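Okay, so here's the structure we're looking at.
Reminder, nothing fancy here: chain letters follow the sequence lines and each chain counts from 1. Here the structure is a predicted model, which means the values were calculated and not measured.
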Amino acid sequence: MIEDARVLRDDFIPAEVVHRDPEIQHISRVLSPLTEGQPAETLIVTGPSGAGKTCLTQFAVDRLKQEVLDLHIHYINCWQNYSRFRVLYRILEGLGKTVDIHRQSTPHDELIERLQTYSDSHSVVILDEADQLQDTAILYDLHQLPHISMILIANREAELLARVDERLSSRLVGSERLEFSRYSDDELVAILRKRAEAGLVSGAIRTQELETIAEASAGDARAAISILRNAARTAQFEQAERITSSIVSDSIPDARQEIHQKNLDRLTPDQRVVYEIIEEAGEITPSQLYQQYSTEVDDPKTDRTVRNYLSKMTRYNLIAAEGTSHDRRYKLA
DNA sequence: GCTCCACGGGAAGGATAGGCTT
DNA sequence: AAGCCTATCCTTCCCGTGGAGC
């Protein structure tokens, strides 16, 4: 059933992309000064998850690298590398200049100085999930360096900019923007078909099943590919001849569950209590929520801390908040 | 206009972890 | 091995903002 599992992975960059030509053009145009040794404008890429932001950005940058010698590309996912230190470290690592940097005893200034010293060639730094950065000072640091061009990827621009300070946000206002929209079902079918052709035996899945997957994914290509991957695994395991519609419908909840569980695992015990109260209640007001939380745990955290939890869980897409003031309600996403 | 809620930014302080020095 | 150092994380306190209802 599965001939090439790499094609079904989340981080696979296809050799050619279907649709999204204007987006590729846009990225290439912004980066084009690099082909003449000039720095490129900062590019801010936004859009919902699974809209192809990461994939297409990497695709465009890969293509650029083939044209430009002496160009360093640093892809950094801010989920894992959320601190100023780690981002700087990753970039220096990419340049091979991490010798004698000690995990935490080297001051930031020195790291930046070192980046400045090794400015013999241009670098493109892609900060994926930039809204997850805990300390946005790093954006300022990198913006200052003339030989570094930044691409920031985030779900929503407003959320990203809200967290940077005045000095930087006024500079970022002038930078290039690119907004991705969700894929349509037809586009998702085309993407899935490409992956299936490249990764599975021929005739493994019919258009009808691809359409079911597309509909279930709500425009999210990552979710769609994850469903296809699970379905292919199941079919392989069951030694089925092809991926049937019943295998597909079994895989849909699995794929959703997988993402959901990953997020739940990240919660601390206190956060989990909060989550379970919301789950139990279905819908709850902030004050009721906090009241119940304080009765359920021995040593309750303050309401401010619980509000931190709530905003974190909202970012993780575990819960949703409705209303702004008196009509505020929390429920599961 | 006033009060009640709710939100979220900023600062401060304790706890922690990893690496270094002795 | 023990203690020191530093950056970071988590939590708390304080506070300004803004909507809703009176």
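- Across Q291(A), R329(A), Q292(A), a single residue satisfies side-chain contact (heavy atoms from CB on, under 4.5 Å) together with I284(A), and that is Q292(A).
- DNA chain B is contacted by no residue of residues 292-302 of chain A, taking any non-hydrogen atom closer than 4.0 Å.
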Please test T285(A) against Q288(A) for side-chain hydrogen bond (donor to acceptor under 3.5 Å, both in side chains), starting from the C-alpha separation and ending with a verdict. CA-CA 5 Å; T285(A) 66; Q288(A) 285 174 328; 3.2 Å; yes

Would you be so kind as to tabulate the donor-acceptor pairs closer than 3.5 Å made by side chains of residues 30-45 of chain A, with sequence neighbours excluded?
unit_1	atom_1	unit_2	atom_2	d
S32(A)	OG	R29(A)	O	2.7
T35(A)	OG1	S32(A)	O	2.6

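- Applying the salt bridge (Lys or Arg N to Asp or Glu O under 4.0 Å) test to E280(A) and every residue at least two apart in sequence or in another chain returns nothing.
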Using a 4.0 Å heavy-atom cut-off, write out nucleotides 3-8 of chain B from 5' to 3' as B (base contacted by protein), S (sugar-phosphate only) or - (no contact). -BSSBB

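- Taking E241(A) as the reference, nothing meets the side chain to side chain contact (heavy atoms under 4.5 Å, CB included) condition, with sequence neighbours excluded.
- Contact record, C78(A) with A130(A): SG-CA, 4.0 Å, taken as the closest heavy-atom pair.
- I247(A) and I243(A) get closest at one heavy-atom pair: CG2-CG2, 4.2 Å.
- Considering only side-chain N and O atoms, Y309(A) lies under 4.0 angstrom from the phosphate OP1 or OP2 of dT11(C).
- The hydrophobic cluster containing F12(A), built from Ile/Leu/Val/Met/Phe/Trp/Tyr side-chain heavy atoms closer than 4.5 Å, also comprises V7(A).
- In this structure, Y89(A) places its OH atom 16 Å from P of dA7(C), rounding to the nearest Å.
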